[in-house]
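Note that the structure is a prediction, hence the values are computed from the model and not measured. To find a chain, count down the sequence lines: A is the first, B the second, and so on, and within it residues start at 1.
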2 protein chains.
Amino acid sequence: MTDEEWRSRASQVIPGGMYGHMSTRALPDGYPQFFRAANGCRLTDVDGNEYIDFMCSYGPMIAGYGHPEIQAAANQQRHDYDIGNGPSKEIVLLAETLTDQVSHAEWAIFAKNGNDATTICNMIARAKSGRRKILVADGAYHGAQPWAARRTNGTPEEDYVHFPTYEFNNIASVVDAAERVRGDLAGIMVSAFKHDAGQPQALTDPEFARVVRKICDDYDAALILDDVRAGMRLSLDASWTEHGVQVDLSAWGKCIGNGEPIAAVLGSEPWREAASRTFVTGSFWYQSAPMASALVTLKVLNEANAPNYIEEVGQHFRDGLAEIAQRHGHGLSQSGPPQMPTVMFDGDTRFEKGNRFCQLALSQGVYLHPWHNMFLSLAHNESVISESLDRLDKAMGQL
Amino acid sequence: MTDEEWRSRASQVIPGGMYGHMSTRALPDGYPQFFRAANGCRLTDVDGNEYIDFMCSYGPMIAGYGHPEIQAAANQQRHDYDIGNGPSKEIVLLAETLTDQVSHAEWAIFAKNGNDATTICNMIARAKSGRRKILVADGAYHGAQPWAARRTNGTPEEDYVHFPTYEFNNIASVVDAAERVRGDLAGIMVSAFKHDAGQPQALTDPEFARVVRKICDDYDAALILDDVRAGMRLSLDASWTEHGVQVDLSAWGKCIGNGEPIAAVLGSEPWREAASRTFVTGSFWYQSAPMASALVTLKVLNEANAPNYIEEVGQHFRDGLAEIAQRHGHGLSQSGPPQMPTVMFDGDTRFEKGNRFCQLALSQGVYLHPWHNMFLSLAHNESVISESLDRLDKAMGQL
C-alpha cells in the first residue's frame, strides 16, 4: 500500500484525512503523510523513501529515534510495571532529577500533553493569587486547547477572556497589559523565545525578560515559562535562566522522554502550597515507562551537554545553508537559535519558493519545513550535517 | 526502600506528596502509594505486598496487565516506528476498526487524555452549530480541565459559564435546561450511566436517553456520549446503543489500548465537516505504539465478548459479596453494572465502615475502593473471583 492509498483510506475515516499539526494539508505536495520506520535522525515513509529528518517529530525526539539505552529502560519498565493504581518509584526519581537540574524548581507534577502542563500552570497561578488574568504573547502557541488556541472554530470568547495579550519582546506592551488588569493579574506566560509558526523567530531580549520578572514581583503574579518546545535544547536549565531570570512555574513536554509521552510542570517553593490544592489528573499521567525513559534521556542529555552539542551542529548547518544559498544566488533569512532553526527565503511572503525548495529537499532525502521552526538533535552529528548540506546543495541548484 | 520512605522523598518534590486521583490522601491508611509490578489482575506494591486488583488502574486495564499478545504488538510497533513527522498506517487501521465496531461512528480522531476527547467533542459541537452551550449533568466527571472540573481552585467562572447543568436521569430537568438556553444550545453531554464518585451509581433510564436524543434532534444539537470510563466494559458499541439511541459524538479513553495512552473521539457523518475544520492536536497524539496496542486490545475484547464475560464474573463477585455481608450481618448497597461495581455499607455516609473494610481487604491482599466505582477485567476469571471472595469473607469477619 502506498502513501496515496493510505491517504485515500484515511479520508474515509479521519476528518479531512488527517488532523492537527501532523496533517500534510498545509504543506506542499510531496510530503509523506505516513511513516513506517525511524532510526537515529532518519525516517522512512510508507513508500520506503528515507529522509534525514530536521523536524524530530516537531520536537519530541532529541537523542535519536530508537536510542538503545533509553528504549531499553522504557521497555524494562513496561515489563516490570507501567500502570496500576499508583505510580512507581520512578515518579520520585524523575521529580528529584528535574528539581536538581532546573534551578527554579522545587517540585514537579507530571502529565501527558505540553498543553496539560501550560493549563496546570494557569490553574496554580490563579489558585495562589485568587486572581484571574494570565497575560500571553499575541500569536504565541501554548497548545490547542480552547484557551490557548483562541478564536479557532468551536471556541467561545469566554475561553480566552482572561488571557489578554501583549507583544513579545515589547517592554511597553507588557507593562501596559499588566497595568490594564491591575488587581486581577494572576500571571504572565512567556515562551523561551518567539517561535510563532509562519514568521521569523526572535530571540528573547534579556531586558524584556528582566522587566517581565519585575512586573510579576511587583504584582505578586506568577512568571510562567512555556518551555515545552524549546526545553532541553536551549539549556538543561529553564530557558530564561541564561537571562538571569528565575521563573516561578515552567511547563515542559515534547522531548523530556525522547518521544515517550510525558509532560511536566516545575514550580518554585512559593507556589507549592497552591499546587497541592489544585486538582489535576489524567488516566495515564502516572505511567512509569515514560518516566523511566525520561530518567535516561536526561542522563544522556547531561552527559552529552546536549544544548551545546546541538547548537554546534546547528551552527554548522546554518553556515552551510547560508553558503549554499549565496553561491546559488538566493537570499536566505535564518532565524532563531541554531538548535531550532527557521529558514525562509527573502521576500517569499507566501512561501512559494520555500515550498518548492522543501519539495526538492524531500526528493534529495532531506525533510525540512517551509514555515515552522525545525529541530536538531544529538543524532545530527557532523557527518549527517555534511551529508544533508551536500543534498541541499543539489536541491538549491534545482530551484 | 519502603512505601513510607518513598512517600517521604515524594513529599519533598511533589506538591502534597502526590496529586490527582492516584494520591492516597483521600483514602484511609494502609493503601500503598507506590507499586513495582503488575501481572494479570494482580499488583505488587513497593513493599512486596501482592493484591488482587479491583481498580484496574481506575479503568485503563481491561485485558490484564502485561497481556502477552497486546504487549508484543506494542513493543514491535515501538521497535519499528512509534513517533516521527506523521502517524503510521495503524492510525487508519484503528479508525477503520472503531468505526466498524461502534455503530454511530463514521470517523475518528485520536488524542491522549480522555479529557482531550471530551473537550474536542465540545469544540466540534460548537463549530458545527455556531452555538455555545453544552449541557452537562450536575456532578458528572468529564475530566479535570477547568471547564470540566468547575469550581475547583484556579478556575474562573467563565471556564464553565457555557456548561449549564441538568440532573442525570431527570427528564424534566434536561428538558428545562435545554429550554433555558434555547437558541444557544450546541450539545448535551451524557455519561454512559451515572457513575459520580462518592455516591451510589445509577443505570441510565432508557426513556431519559430517548428524550435527550429527541431534544438534540429538535434543537439540532450534538448528543455527546462520554464513554471514557465505561466504554468497552458495558458494550463493544457505544454504551447508549442498547437503549436504542445513537449518539452523534462519543469520547473514549482509558481501556481502549489496555493501558497504553490513547483516547479517541468518534463521530457520525453530519459532524465530520465541522471536525475537519476544528484544529486539535498534541505532541504525542499520533504515537503508533498505543494504536498497535489498541488494535490487538479490540481484537481480544471482541473474541472474548468482553462485556458479557466481565458482567458474568462481576455478577459472581456481587452475589458473593452480598452473601458474605448478609452472613456477617452487614447491610450492603451494591450499585452500577457488575462490570463497574460500587459497594457501600448501609447508612455509612462518611465511609467509616467502608474505609475499615477496605483496610481489612488490603490486609487480605484485595485492593478495593471505598467510594469510587471499581473495575473488573478479562483477567478476573472465576477462580480469581472465588479467591477474592474467600479473602473478603475473612476481612468481613474482622469488621
Engineer: Among Glu158(A), Gln287(A), Arg36(A), which residue forms the greatest number of heavy-atom pairs with chain B at distances under 4.5 Å?
Structural biologist: Glu158(A)
Engineer: Give, for atom CG of Asn39(B) and atom NE2 of His79(A), the distance between the pair rounded to the nearest 0.5 Å.
Structural biologist: 7.5 Å
Engineer: Taking Arg131(B), Lys112(B), Gln71(B) one by one, which has the highest count of heavy-atom pairs under 4.5 Å against chain A?
Structural biologist: Lys112(B)
Engineer: Find out whether Trp6(A) and Leu93(B) are in side-chain contact, i.e. whether some heavy atom of one side chain is under 4.5 Å from a heavy atom of the other.
Structural biologist: yes
Engineer: Are Gln12(B) and Glu106(A) close enough, and set up right, to give a side chain to side chain contact (heavy atoms under 4.5 Å, CB included), and what steps lead you there?
Structural biologist: CA-CA 8 Å; Gln12(B) 301 298 306; Glu106(A) 299 292 334; over 6 Å; no
Engineer: When heavy-atom pairs shorter than 4.5 Å are enumerated against chain B, which of Glu96(A), Met55(A), Arg132(A) gives the highest number?
Structural biologist: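 Top option by heavy-atom pairs under 4.5 Å: Glu96(A).
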Engineer: For the interface with chain A, which of Ile120(B), Asp159(B), Asp116(B), Asp45(B) has the highest count of heavy-atom pairs at distances below 4.5 Å?
Structural biologist: Asp116(B)
Engineer: Once salt bridge (charged side-chain N to carboxylate O under 4.0 Å, His left out) is applied, do any residues pair with Glu157(A), and if so which ones, sequence neighbours excluded?
Structural biologist: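 For Glu157(A) there are no salt bridge (charged side-chain N to carboxylate O under 4.0 Å, His left out) partners, ignoring immediate neighbours.
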Engineer: Would you please test Tyr81(B) and Val46(A) for side chain to side chain contact (heavy atoms under 4.5 Å, CB included) and show each step?
Structural biologist: CA-CA 11 Å; Tyr81(B) 181 81; Val46(A) 284; over 6 Å; no
Engineer: Would you mind checking which part of Ala37(B) comes under 4.5 Å of any heavy atom in chain A, side chain (CB onward), backbone (N, CA, C, O), both or neither?
Structural biologist: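 Looking at Ala37(B), backbone and side chain both touch chain A.
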Engineer: Output the option from Ser57(A), Gly66(A), Ala125(A) having the highest count of non-hydrogen pairs under 4.5 Å with chain B.
Structural biologist: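 Heavy-atom pairs under 4.5 Å are most numerous for Ser57(A).
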Engineer: Below 4.5 Å from any heavy atom of chain A, which atoms of Trp285(B) appear? Answer side chain, backbone, both or neither.
Structural biologist: both
Engineer: So, do Trp107(B) and Pro15(A) sit near enough that their side-chain heavy atoms are less than 4.5 Å apart?
Structural biologist: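 Side chain of Trp107(B) against side chain of Pro15(A), heavy atoms only: contact under 4.5 Å found.
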Engineer: What pairs meet the salt bridge (Lys or Arg N to Asp or Glu O under 4.0 Å) rule with one or both residues in residues 78-94 of chain A, with sequence neighbours excluded?
Structural biologist: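 Every pair satisfying salt bridge (Lys or Arg N to Asp or Glu O under 4.0 Å) with a residue in residues 78-94 of chain A: Arg78(A)-Glu260(A).
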Engineer: Can you tell if the side chain of Pro60(A) reaches within under 4.5 Å of the side chain of Phe284(B), non-hydrogen atoms only?
Structural biologist: yes
Engineer: Counting heavy-atom pairs under 4.5 Å with chain B, which one of Gly267(A), Pro87(A), Ala38(A) comes out on top?
Structural biologist: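 Top option by heavy-atom pairs under 4.5 Å: Pro87(A).
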Engineer: Name the region of His162(A), side chain, backbone, both or neither, that has any atom closer than 4.5 Å to a heavy atom of chain B.
Structural biologist: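 For His162(A), side-chain heavy atoms alone lie under 4.5 Å from chain B.
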Engineer: If we define contacts as heavy-atom pairs under 4.5 Å, which of Gln77(B), Lys128(B), Lys254(B) has the most with chain A?
Structural biologist: Lys254(B)
Engineer: Just checking heavy atoms, which of residues 274-283 of chain A are less than 4.5 Å from chain B?
Structural biologist: Ala275(A), Ser276(A), Arg277(A), Thr278(A), Phe279(A), Val280(A), Thr281(A), Gly282(A), Ser283(A)
Engineer: Please report the C-alpha distance between Met123(B) and Asn153(A) in whole Å, then the side-chain angles of each, then the deciding distance to 0.1 Å, and finally whether the side chain to side chain contact (heavy atoms under 4.5 Å, CB included) criterion is met.
Structural biologist: CA-CA 7 Å; Met123(B) 293 176 76; Asn153(A) 289 319; over 6 Å; no
Engineer: Among all residues two or more places apart in sequence or in another chain, which pass the ring pair (Phe, Tyr, Trp, His ring centres under 6.0 Å) test with Tyr31(B)?
Structural biologist: Tyr367(B)
Engineer: Identify which part of Ser88(A) has an atom lying under 4.5 Å from any heavy atom of chain B, answering side chain, backbone, both or neither.
Structural biologist: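 Both backbone and side chain of Ser88(A) come within 4.5 Å of chain B.
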Engineer: For chain B, which candidate among Pro146(A), Gly114(A), Ala149(A) shows the most heavy-atom pairs at distances under 4.5 Å?
Structural biologist: Pro146(A)
Engineer: Does the pair Phe34(A) and Ile91(B) meet the rule for a side chain to side chain contact (heavy atoms under 4.5 Å, CB included), with working shown?
Structural biologist: CA-CA 9 Å; Phe34(A) 297 98; Ile91(B) 197 172; 3.7 Å; yes
Engineer: Please state whether the side chain, the backbone, both or neither of Met18(B) comes within less than 4.5 Å of a heavy atom of chain A.
Structural biologist: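 It is the side chain, since no backbone atom gets that close.
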Engineer: Is Thr119(B) close to chain A through its backbone or its side chain, or both, or neither, when contacts mean heavy atoms under 4.5 Å?
Structural biologist: side chain
Engineer: Of the non-hydrogen atoms in Arg272(B) and Val13(A), which two are nearest, and what is the gap between them?
Structural biologist: NH1-N, 4.1 Å
Engineer: Below 6.0 angstrom between ring centroids: does that apply to Tyr286(A) and Tyr19(B)?
Structural biologist: yes
Engineer: Name the option with the most non-hydrogen atom pairs under 4.5 Å to chain A; the candidates are Gly84(B), Gly16(B), Ala289(B).
Structural biologist: Gly84(B)
Engineer: Specify which of His369(B), Arg9(B), His21(B) makes the most heavy-atom pairs with chain A at under 4.5 Å.
Structural biologist: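 Most heavy-atom pairs under 4.5 Å with chain A: His21(B).
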Engineer: Locate the shortest heavy-atom distance separating Asn85(B) from Met22(A); write the atom from each residue and the value.
Structural biologist: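 Asn85(B) and Met22(A) have their closest heavy atoms at C-SD, 3.6 Å.
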Engineer: Give, as side chain, backbone, both or neither, the part of Ile109(B) having an atom under 4.5 angstrom from any heavy atom of chain A.
Structural biologist: both
Engineer: Can you say whether Gln33(A) sits under 4.5 Å from chain B via the side chain, the backbone, both, or neither, judging by heavy atoms?
Structural biologist: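 Gln33(A) touches chain B through backbone and side-chain heavy atoms alike.
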Engineer: Identify which of Met61(B), Gln145(B), Glu273(B) forms the greatest number of heavy-atom pairs closer than 4.5 Å to chain A.
Structural biologist: Gln145(B)
Engineer: At a heavy-atom separation under 4.5 Å, does Tyr65(A) approach chain B through its side chain, its backbone, both, or neither?
Structural biologist: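 For Tyr65(A), side-chain heavy atoms alone lie under 4.5 Å from chain B.
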Engineer: For Ser11(B), is it the side chain, the backbone, both or neither that has a heavy atom under 4.5 Å from a heavy atom of chain A?
Structural biologist: backbone
Engineer: Sort out for me which of Ala74(A), Ala108(A), Cys56(A), Ala10(A) touches chain B most, counting heavy-atom pairs under 4.5 Å.
Structural biologist: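 With the most close heavy-atom pairs to chain B, the winner is Ala108(A).
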